[in-house]
Amino acid sequence: MPETQPPSPSIAGPETTPGFTCEQAEAIVSQHYGISASASPLPSERDQNFRIKSKGGENFVLKIANAEEDFEVLDFQSGAFERARQLGVSLELPQLLVSNSGKRIARISDEHGRSFLMRLVSWVDGTVMVDLEDHDQELLASAGRQLAALDKSLLDYDHPGKHRTLCWDVRYAQGALDHLPLLTEKQRKIVEHLIQPALQLDWSRLELSVIHSDANDHNLLVRDGRVSGLIDFGDMVYSALAADPAIAAAYAMLDKPNPLEAASQLVSAYLDAMPLKPYDRSAILPLAIARLCMSVCFAAHNASAKPDDPYQLVTAGPAWETLELLAKSSWKDLYQTWNELMDST
């Protein structure tokens, strides 16, 4: 693991958090894109997102970044889904609109003179995966195949913005342990037990690439029983390629009576479409479980800093249930079960 750790997910203060009203969002879209529309808020951890519905019935998303966000990082994200589309990836991705002044990323100011970067992207239709009661094998397999197709398109994607230090990058899982004091004794023992194999990975042996890094069940969109779209490129980073299916598998495990079985269905489909080297394959399970450990630790940190925002705990409950279920087994047994499932899928 790297010697230095990035800071924890930050709860942006009022001086950096966008605070635009729906009426102001409507004015922004009208001024910069010539679109007459109504706006409604969408959830975000530290930025501001609005659903924009034009008078003609078209839908868009207005994304106003935190004041601390770097232009280069936003350009890196936007370039990734443009590249994937150009290479013919069937996964539906947001499409960036160009402003009246010819900019893909525009700068706006609020009434206090604070400056923010903003983008307008197309709306991607579909049902958010987390809203579906049944995640059958074909749905999970389609998630694996679609993510593999995206990762293939990004293998040679190079951009200065990819070299960023991101707290959610699983290479920095160690940093989540800073928040163990916020957990109960039982919870601390669970996290310490389950995160260890990820902390022992040799990152010099892992293949690195640009990855989406957040294919969770709130970002995967479904139509006709298959994953059809993916949104939110905000956590994109240059990291372990194996981390992308691991992160998707982590969220596929939530609310499942047999979490490893659900994860194996997604990962097997991913590996069929995107074969990985043996060491990368072996890293997927520990990285997946480490991601859940990171999620509950960072949720505890964020909730303590922003107790009135329920979005900070949106995944914490299901993640704890899954971790408690996994913690009933030793890592030797978890590996054995996982390998058997992967061999049989």
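Side-chain atoms of Gln187 come within 3.5 Å of backbone N or O of Thr184 as a donor-acceptor pair. With hydrogens and angles ignored, the 3.5 Å screen pairs a side-chain donor or acceptor of Ser142 with a backbone N or O of Leu139. Under the 3.5 Å distance criterion, the side-chain polar atoms of Thr337 are matched with a main-chain donor or acceptor of Asp333. For the pair His179 (side chain) and Asn302 (backbone), a donor-acceptor distance under 3.5 Å is absent. Judged by distance alone, with hydrogens and angles left aside, the side-chain atoms of Asn216 form a donor-acceptor pair with the main-chain N or O of Asn219 at under 3.5 Å. A donor-acceptor contact shorter than 3.5 Å is absent between the side chain of Gln31 and the backbone of Ile28. No donor-acceptor pair under 3.5 Å is formed between the side chain of Asp110 and the backbone N or O of Gly19. Between the side chain of Ser99 and the backbone N or O of Lys103 there is at least one donor-acceptor pair closer than 3.5 Å. No donor-acceptor pair under 3.5 Å is formed between the side chain of His112 and the backbone N or O of Arg114. In this structure a side-chain-to-backbone donor-acceptor pair under 3.5 Å is present from Asp244 to Ser213.
Heavy-atom contacts from other residues, nucleotides or ligands closer than 6.0 Å to CD of Gln137 number 12 or fewer. Summarising the local packing, CG of Asp202 is surrounded by more than 12 heavy atoms from other residues, nucleotides or ligands at distances under 6.0 Å.
Rounding to the nearest 0.5 angstrom, the gap separating the OG atom in Ser54 from the CD1 atom in Ile35 is 6.5 Å. The CG atom of Leu260 sits 6.0 Å away from the CG atom of Leu334 when rounded to the nearest 0.5 Å. Taking CH2 from Trp338 and CG from Leu285, the interatomic distance works out to 5.5 Å, rounded to the nearest 0.5 Å. Residue Ile231 holds its CD1 atom at 10.5 Å from CG of Leu93, rounded to the nearest 0.5 Å. Separating the CE atom in Met118 from the CD1 atom in Ile108 is a distance of 5.5 Å, to the nearest 0.5 Å. Rounded to the nearest 0.5 angstrom, His135 NE2 and Leu220 CG are separated by 9.5 Å.
Using a 4.5 Å heavy-atom cutoff, the side chains of Leu62 and Gln48 are not in contact. For the pair Leu221/Glu92, no side-chain contact is recorded, criterion being any heavy-atom separation below 4.5 Å from C-beta on. Proximity of Leu150 to Leu230: side-chain heavy atoms (C-beta onward) are separated by under 4.5 Å at one or more points. A heavy-atom distance below 4.5 Å is found between the side chains of Ile284 and Leu276. Using a 4.5 Å heavy-atom cutoff, the side chains of Val130 and Leu254 are not in contact. Looking only at side-chain heavy atoms (C-beta outward), Phe81 and Leu154 stay at 4.5 Å or farther from each other. The side-chain heavy atoms of Glu26 and Ser38, taken from C-beta on, include a pair separated by under 4.5 Å. Between Leu241 and Leu206, the closest side-chain pair of non-hydrogen atoms is not below 4.5 Å.
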**OP:** Test salt bridge (Lys or Arg N to Asp or Glu O under 4.0 Å) on Arg104 and Asp75 and set out the steps.
**Re:** CA-CA 8 Å; Arg104 302 196 312 168; Asp75 191 61; 3.0 Å; yes
Original post:
Hey, mind stepping through Lys277 and Glu207 against salt bridge (Lys or Arg N to Asp or Glu O under 4.0 Å) and telling me if it holds?
Top reply: CA-CA 8 Å; Lys277 297 176 182 178; Glu207 181 178 357; 5.5 Å; no
Original post:
Passes side-chain contact (heavy atoms from CB on, under 4.5 Å), Leu120 versus Phe50? Steps please.
Top reply: CA-CA 10 Å; Leu120 187 68; Phe50 293 92; over 6 Å; no
**OP:** Decide side-chain contact (heavy atoms from CB on, under 4.5 Å) for Thr127 and Arg223; before the verdict, give the C-alpha distance in whole Å, the side-chain angles of both, and the deciding distance to 0.1 Å.
**Re:** CA-CA 7 Å; Thr127 301; Arg223 284 212 308 265; over 6 Å; no
Subject >> salt bridge (Lys or Arg N to Asp or Glu O under 4.0 Å) between Glu185 and Lys189, intermediate numbers included >> reply: CA-CA 6 Å; Glu185 182 179 358; Lys189 289 181 178 178; 3.5 Å; yes
**OP:** Go through the steps to decide whether Trp331 and His193 satisfy the test side-chain contact (heavy atoms from CB on, under 4.5 Å), and finish with yes or no.
**Re:** CA-CA 8 Å; Trp331 261 104; His193 163 54; 3.7 Å; yes
**OP:** Run the numbers on Arg164 and Glu72 for salt bridge (Lys or Arg N to Asp or Glu O under 4.0 Å), then give the verdict.
**Re:** CA-CA 10 Å; Arg164 57 192 299 221; Glu72 194 172 68; over 6 Å; no
Subject >> CA sep, side-chain torsions, deciding dist, call: Val29, Phe60, side-chain contact (heavy atoms from CB on, under 4.5 Å) >> reply: CA-CA 10 Å; Val29 171; Phe60 308 92; over 6 Å; no
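A salt bridge between Arg83 and Asp158 is absent, with no side-chain N of the basic residue lying under 4.0 Å from a carboxylate O of the acidic one. For Lys256 and Glu261, the salt-bridge test fails: no basic side-chain N is under 4.0 Å from an acidic carboxylate O. Salt bridge present: Arg145 and Glu138 bring a charged side-chain N and a carboxylate O closer than 4.0 Å. The pair Arg226-Asp224 fails the salt-bridge criterion, with no side-chain N (NZ, NE, NH1 or NH2) lying under 4.0 Å from an Asp/Glu carboxylate O.
Using a 4.5 Å cut-off between side-chain heavy atoms of Ile, Leu, Val, Met, Phe, Trp and Tyr, with links allowed through other members, Val124 and Val222 fall into different hydrophobic clusters. Side-chain heavy atoms closer than 4.5 Å link hydrophobic residues (I, L, V, M, F, W, Y) into clusters, and following such links, even through other members, never connects Leu325 to Leu140. Transitive grouping of hydrophobic side chains (ILVMFWY, heavy atoms separated by less than 4.5 Å) keeps Leu323 and Leu182 in distinct clusters. A continuous path of ILVMFWY side-chain contacts below 4.5 Å connects Ile289 to Met342, so both sit in one hydrophobic cluster. When the side chains of ILVMFWY residues are joined at heavy-atom separations under 4.5 Å, either directly or via intervening members, Leu74 and Met236 end up in two distinct hydrophobic clusters.
For Phe20 and Phe116, the ring centers sit closer than 6.0 Å to each other. A ring-centre distance under 6.0 Å is found for Tyr157 and Phe76.
For the residue pair Tyr270 / Asp151, a side-chain donor-acceptor distance below 3.5 Å is found, with atom types taken as modelled. Side-chain polar atoms of Arg51 and Ser40 form no donor-acceptor pair below 3.5 angstrom. Between the side chains of Asp47 and Asn66, not a single donor N or O lies within less than 3.5 Å of an accepting N or O.
Scanning all heavy atoms of the two residues, the minimum distance from Ser90 to Gln146 falls at OG-OE1, 3.4 Å. When all heavy atoms of Val191 and Trp320 are compared, the closest pair comes out as CG2-CH2, 3.8 Å.
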